[in-house]
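Presented below is the structure to which this report refers.
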Amino acid sequence: MFCCKQLRLYRFQQFSTFRWCSQVFDQIEKESRRKIKISLFQDALKQAQEFKVKEEFIRFTLCDVNSQSQLIEAAVPANVLYSAIAQTYNLEFSLVERLYGEINSMNNFEDVFNAHKKSTSIQFSSLFQKIQEIFELSGGGCEEQKEVLVKDLLSLCSSAQEVKYLIRFLKKRMRIGLSTQSVSQLLDESERKRLLGYQSGSGDLQKGIPIQPQLAKSFQKENKEEEITMEKIKKKFLNDDLGGCYFEYKYDGERLQVHYTNGEVKLFGRSLEEKTNQFKELSNQLKGHFDNNKFDDVILDCEMICYHNGEILPFQEMQNKTYENSVYLSLVCFDILYHNKQILLNKTYSQRLQIYNSILKPITKQRQVISHIISHKFANENEMDRFYKQALLDGLEGIMIKRDTFYTPGSRNDWLKIKKEKDIDLVVLGGYYGQGKRQQWLGSFLLGIYENGRLHPIAKIGTGFSDQKLEELTKRYMSKPSGSCPSHLIGFKDQPHVWFSQNDVWEVTYDTVSASPLYPAQNSQLNTGISVRFPRFKRERPDKTIEQSGPIQDLVEEYFKVQKKEFL
DNA sequence: CGTGACTGCCC
DNA sequence: ATTCTGC
DNA sequence: GCAGAATGGGCAGTCACG
C-alpha cells in the first residue's frame with residue numbers, strides 16, 4: 001500500500017512537471033520524421049491524460065490558452081516579454097531582442113540561465129494556470145502587470161529548456177514541427193470541438209460549430225517558370241477530362257461559413273473564428289432573408305463581398321467599409337455543407353451545386369443579401385481560356401476550377417485557383433533579421449523603386465528564397481560595409497536592421513497593387529503611397545541598373561485600373 | 001482625448 | 001496570402 | 001501531397017503615453 005503510494009507520487013512528479021513537458025517538446029522538435037513526432041506526442045498525451053492535464057498540454061502545444069473568448073488580447077506583447085527576460089537574467093534589452101528572445105540552441109543561453117536556476121520544476125498544471133492569468137488581464141496598466149507575472153514565470157523555470165518553451169509559448173510560436181493538423185488527428189470529435197473549436201465533419205454534423213473549410217491550391221505554385229496555359233491545366237489537374245469539372249469566377253472578398261439553424265444565424269471566418277457580431281447587420285439581414293424565404297437549416301460556404309452603387313468594391317475597400325457601414329456587405333455562396341437535416345459533405349459537387357442553386361438566386365450587379373456564384377462547364381481549352389481572360393478583364397482575381405468530388409474539409413486537392421501573377425524589378429535597400437529557423441540569417445528585405453532620382457521604399461519581401469539562397473544573400477550583404485539610412489528616408493516607419501551599401505535589382509512577383517499608408521513610393525498622379533500584394537522573390541537581376549527598376553508608372557496605372565472595375 | 005505602436009485576423 | 005522543406 | 005514554418009500588405013481594435 002505504502003509502496004504504491006510512493007510509486008504514484010514519484011510518477012506524478014516525473015510526468016506532470018513543466019520539466020517533463022519541455023523534455024517531450026525537445027524530443028519532438030529534434031525528431032524529423034513526422035510519424036515518430038506524432039507517436040511521441042501521442043505517448044505524452046496518454047501520460048498527460050493520466051495526470052489530468054491533457055487539455056492543458058494540448059493547449060500549450062498549440063500556444064492556445066483558451067479559444068472561448070475572442071476578446072482576449074495578445075498574451076504578452078513582444079516588448080513586454082523581452083523586457084521581462086532582460087530583467088530576469090540581467091541582460092541588455094537589445095541582446096534579448098536579437099538573441100534570447102528566440103532561443104534556438106542552448107549553447108549561449110545555458111550559462112546565462114544557470115545563475116537563476118530553480119532546483120525543482122513547477123507542476124505543469126500550476127504553470128498553465130499562471131499563464132492563463134496573464135491572458136485574462138486586459139485594460140489600462142495590464143502590460144505592466146503582465147511583465148511582473150512573466151518575470152515570475154521565468155524565475156520558476158528549473159532548466160534552460162523550460163525557459164525556451166515558455167518563451168516560445170508566449171510568442172505563440174512553438175515550432176516543434178507538430179501543430180494543429182497533427183493534434184487534430186489524435187482527438188475525437190468532441191475533444192476537437194472543445195479544444196480546437198471546430199468539427200472535422202466525419203460522422204455527425206453539429207450545426208452552429210464551424211467545419212474546417214475546404215481550400216484550393218494554386219496552379220502557378222506547381223508550375224513555376226512556365227507560362228500558364230489551359231492545355232497544361234487540363235492535362236495536369238484534370239487528367240485530360242474536362243467533363244466533370246466546374247469553372248467559376250474567384251471573388252476577392254472574405255470567406256464566411258454561414259450556419260442557419262432554428263432561426264439563428266452564425267458566421268465563421270476562414271480560421272473558424274466566430275464573426276456573427278463583427279458583421280452584426282449582415283447577420284440580421286441574413287436572418288431576415290432566411291426567415292422570409294422559409295429556409296431550412298443550412299450550412300453555406302460563401303465569400304463576403306462589398307457593393308457600392310451597383311459595383312463590387314476591391315478587397316481593400318471592402319476591408320475598410322466592413323466595420324463602418326455594413327449595409328453594403330453581401331454574400332456569394334459557392335458551396336453547401338448541410339441542408340434540411342442532410343449532411344452534404346459526401347455528395348459530389350454536382351449534387352451540392354444543384355441544391356444551392358435551387359435555394360438561392362444567381363449573383364447580379366445589384367446587391368442581394370445572399371446569392372450564388374455562377375458555375376460553368378467547358379468543352380475545350382479555348383472556352384476555358386476565354387473564361388479566364390474574361391475574368392481578368394472583369395477585374396476579378398482569377399478563376400477557380402473544381403473537380404466533381406466530395407467536400408473534404410482542410411483539403412487543397414480538388415480546387416484549383418488560377419490567378420494572374422505579374423513581375424517587376426525592384427531594388428533591395430536593406431535587410432531585417434530573421435526569426436526562428438531563420439534567426440542566423442536575414443529573414444526579409446526592404447525593396448525600393450526608382451523615381452525622380454531617388455529610391456523609395458515600396459514593399460518588404462520575405463518569401464521565395466530557398467534556404468541556400470537566403471544564406472548566400474545574407475553572407476553577401478552582411479560581409480559588405482553596411483550603409484546608412486538615406487536622408488530622405490529618416491522618417492520611414494519600418495527601418496531595416498541593416499541598410500545595404502550596394503543596391504541590387506531583384507525580380508519580384510506580385511498579385512496586385514494596393515494603396516499604402518506606410519510605403520512612400522508614389523508619383524505625381526497619386527495622393528497616396530502604393531505597395532504590392534503578395535510580393536515574392538523570383539530572381540536576382542545583376543544585368544539591371546537601379547534606374548531600370550519599375551517603372552512606377554506601370555504600377556500606378558494598374559492601381560487605377562483596379563479602382564474602376566465592375567466585377568461581374 | 002488623440003496618436004502611435006503593436007497584435008490578430010483578413011487576404 | 002506564397003513559398004520552401006522533409007517526409 | 002501534406003504539414004509545418006518562414007515570410008508579405010493592410011485593416012480594426014487595444015493599450016501606452018503625452
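Values below: all heavy atoms of this structure, side chains included; hydrogens, waters and symmetry mates excluded.
Pairs engaging residues 422-431 of chain A under the side-chain hydrogen bond (donor to acceptor under 3.5 Å, both in side chains) rule: K422(A)-E558(A), D423(A)-T509(A), D423(A)-K538(A), D425(A)-K544(A) [sequence neighbours left out].
With Y433(A) as the fixed residue, the side-chain contact (heavy atoms from CB on, under 4.5 Å) test singles out one of R438(A), E102(A), R98(A): R98(A).
Listed by chain and residue number, H259(A), F268(A), E274(A), T276(A) satisfy the side chain to side chain contact (heavy atoms under 4.5 Å, CB included) test with K266(A) (two or more places apart in sequence, or in another chain). Q185(A) is linked by a side chain to side chain contact (heavy atoms under 4.5 Å, CB included) to I38(A), counting only residues two or more places apart in sequence or in another chain. For S466(A), the side chain to side chain contact (heavy atoms under 4.5 Å, CB included) test picks out Q468(A), K469(A), with sequence neighbours left out. Remark: N79(A) engages no residue in a side-chain hydrogen bond (donor to acceptor under 3.5 Å, both in side chains) (not counting sequence neighbours). Under the side chain to side chain contact (heavy atoms under 4.5 Å, CB included) criterion, P457(A) pairs with L429(A), L446(A), L489(A), F492(A), Y519(A), P520(A), sequence neighbours left out. Among residues two or more places apart in sequence or in another chain, the salt bridge (Lys or Arg N to Asp or Glu O under 4.0 Å) test is passed with K419(A) by E397(A), D511(A).
In this model, the phosphate group of dC6(B) is approached by a side-chain N or O of N79(A) to a distance below 4.0 Å at OP1 or OP2.
Atom NZ in K236(A) sits roughly 10 Å away from atom P in dG1(D) (whole-Å rounding). Taking atom CG of residue L442(A) and atom P of nucleotide dG8(D), one finds them 12 Å apart after rounding to whole Å.
Between the C1' atoms of dG8(B) and dA1(C), the separation comes to 15 Å (whole Å).
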Under 3.5 Å, N/O pairs linking protein and nucleotides 16-18 of chain D:
| unit_1 | atom_1 | unit_2 | atom_2 | d |
| --- | --- | --- | --- | --- |
| dA16(D) | OP1 | G141(A) | N | 3.3 |
| dA16(D) | OP1 | C142(A) | N | 3.3 |
| dA16(D) | OP1 | E143(A) | N | 3.0 |
| dA16(D) | OP2 | G141(A) | N | 2.8 |

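Side-chain proximity of Q185(A) to the nucleotides dG9(D), dA3(D), dC2(D) is greatest for dA3(D). The side chain of S514(A) approaches dG10(D) more closely than any other nucleotide in the set dG1(D), dC10(B), dG10(D).
Within 4.0 Å of Q439(A), counting heavy atoms only, lies no atom of the nucleic acid at all. Within the nucleic acid shown, L470(A) has no heavy atom closer than 4.0 Å to any nucleic acid atom. Heavy atoms of L447(A) sit nowhere under 4.0 angstrom from any nucleic acid atom.
Because its NZ or CZ atom is not both nearer than 6.0 Å to the ring centre of F445(A) and within 45° of the ring axis, K460(A) does not count as a cation-pi partner of that residue.
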_For nucleotides 1-7 of chain C, give me one character per nucleotide, 5' to 3': B if any protein heavy atom sits under 4.0 Å from the base, S if the only such contacts are to the sugar-phosphate, - if neither._
SBBBSBS

